[in-house]
Amino acid sequence: MVKNGYILNVSTNNIASFLDKVRLELKNVVREQVLMQTAKSTEFLLNWNCSISSRISFVSF
């Protein structure tokens with residue numbers, strides 16, 4: 001492969017194990033990001049719910 005005038009030699013030895021490692025790393029990164037986003041969303045919703053509940057408690061019917 002040629003990139004920016006340089007020839008890059010890429011070995012195909014153990015390409016299957018390399019791709020397995022890449023897949024596993026991507027899977028872990030995606031899992032961590034999904035968990036982080038879920039935690040942030042949950043925290044936001046809990047804070048919003050507490051905020052709404054505290055406003056409702058001051059209203060008398």
Side-chain angles (χ1 to χ4, degrees):
M1 174 164 59
V2 176
K3 184 172 182 174
N4 297 329
Y6 295 96
I7 297 173
L8 303 174
N9 292 321
V10 179
S11 173
T12 57
N13 292 340
N14 297 325
I15 192 83
S17 64
F18 170 75
L19 291 175
D20 283 340
K21 287 179 186 176
V22 169
R23 183 183 62 80
L24 184 60
E25 283 189 38
L26 285 174
K27 193 168 142 183
N28 288 335
V29 167
V30 168
R31 182 181 296 125
E32 288 174 11
Q33 293 300 316
V34 167
L35 290 173
M36 186 185 323
Q37 191 59 47
T38 302
K40 285 180 181 180
S41 297
T42 302
E43 184 178 9
F44 171 79
L45 289 173
L46 285 173
N47 289 336
W48 181 75
N49 188 32
C50 288
S51 173
I52 294 295
S53 294
S54 66
R55 284 188 221 150
I56 291 173
S57 66
F58 289 113
V59 175
S60 61
F61 293 98

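Here, residue 1 is the first one in the sequence, and each next residue gets the next number. What you see is a predicted model; the values in this text were computed from it and never measured.
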Using a 4.5 Å side-chain heavy-atom cut-off and chaining through intermediate ILVMFWY residues, the residues clustered with M36 come out as none
side-chain contact (heavy atoms from CB on, under 4.5 Å) involving N13 - partner list, sequence neighbours excluded:
S11
Partners meeting side-chain contact (heavy atoms from CB on, under 4.5 Å) with T38 (sequence neighbours left out):
V34, T42
Please set out all donor-acceptor pairs under 3.5 angstrom arising from side-chain atoms of residues 20-33, sequence neighbours excluded.
residue	atom	partner	partner atom	Å
N28	OD1	R31	NH1	3.0
N28	ND2	L24	O	3.4

Name the residue from L45, N47, L46 that meets the side chain to side chain contact (heavy atoms under 4.5 Å, CB included) definition with E43.
N47
